[in-house]
Amino acid sequence: EPEVTQTPSHQVTQMGQEVILRCVPISNHLYFYWYRQILGQKVEFLVSFYNNEISEKSEIFDDQFSVERPDGSNFTLKIRSTKLEDSAMYFCASNRPDEETQYFGPGTRLLVL
Amino acid sequence: LAKTTQPISMDSYEGQEVNITCSHNNIATNDYITWYQQFPSQGPRFIIQGYKTKVTNEVASLFIPADRKSSTLSLPRVSLSDTAVYYCLVGMMDSSYKLIFGSGTRLLVRP
């Protein structure tokens with residue numbers, strides 16, 4: 001069964017550094033998403049992406065964040081100048097154009113020191 | 001303010017039926033309601049999805065009233081492995097469209 005994959009599984013970075021989180025969505029999916037989950041809290045929507053552009057974004061997704069689909073398979077989330085409060089699990093998800101069910105990756109645990 | 005509300009936690013015993021309700025008062029007209037299960041340090045896993053009335057699959061049922069302002073996930077006979085956090089996910093209309101996860105319900109199944 002195809003799955004969404006994410007790399008790395010864990011990342012530790014220093015405050016102020018840039019990080020890039022990578023996702024490989026399921027191959028025939030066209031809608032892509034990033035979510036964040038701070039430890040012990042609920043999952044929060046960050047951004048959705050379709051047809052090479054952002055379709056929706058939340059208040060969390062400010063100028064510090066950007067997304068990109070650099071090639072036909074990867075979908076990345078870049079966080080510029082990381083802050084302590086960016087420490088969280090980041091989940092990527094994708095879905096087919098004909099259904100709303102999103103399939104989630106295993107997540108990247110980001111720790112900002 | 002668009003928000004979803006779920007009970008924080010529920011306790012049950014093996015073999016019982018568990019019903020978890022999510023309220024979503026500002027659900028967007030054309031959006032589906034999706035429920036996910038999450039184990040610690042894992043991504044949410046799809047359980048069931050519906051638009052209105054009742055949907056059933058091999059693991060759960062989903063009940064949605066006519067006004068769609070709430071939904072109830074029903075797990076028919078829970079086992080210890082169903083201990084997890086359960087989230088509803090809906091698209092909500094506020095000042096703009098937002099995808100919002102519920103706060104999550106932590107289900108503990110006891111032997």
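Just the heavy atoms: all of them, side chains too, but no hydrogens, waters or symmetry mates, feed the values below. Here is the naming used below: chain letters follow the sequence lines, and residue numbers restart at 1 for every chain.
At least one side-chain heavy atom of A/Tyr35 sits less than 4.5 Å from a side-chain heavy atom of A/Gln102. Looking at heavy atoms from C-beta onward, A/Trp34 lies in side-chain contact with A/Val67 at the 4.5 angstrom threshold.
For a residue to count as touching a neighbouring chain, one of its non-hydrogen atoms must lie under 4.5 Å from one of that chain's; by this rule A/Glu3 does not touch chain B. Residue A/Ser58 does not touch chain B at all, counting heavy-atom pairs closer than 4.5 Å. At a 4.5 Å heavy-atom cutoff, the contact between B/Phe46 and chain A is made by side-chain atoms alone. If you measure heavy-atom distances from B/Gln49 to chain A, the contacts under 4.5 Å come from the side chain alone.
No salt bridge links B/Lys69 with B/Asp67; every basic N to acidic carboxylate O contact stays at or beyond 4.0 Å. A salt bridge is defined here as a Lys NZ or Arg NE, NH1 or NH2 lying under 4.0 Å from an Asp or Glu carboxylate O, and A/Arg36 with A/Glu44 meets this definition.
Your options are B/Gly104, B/Gly43, B/Pro40, and the one with the most heavy-atom pairs under 4.5 Å with chain A is B/Gly43.
A/His29 and A/Tyr103 have tilted rings, their planes meeting at an angle from 30° to 60° on a 0 to 90° scale.
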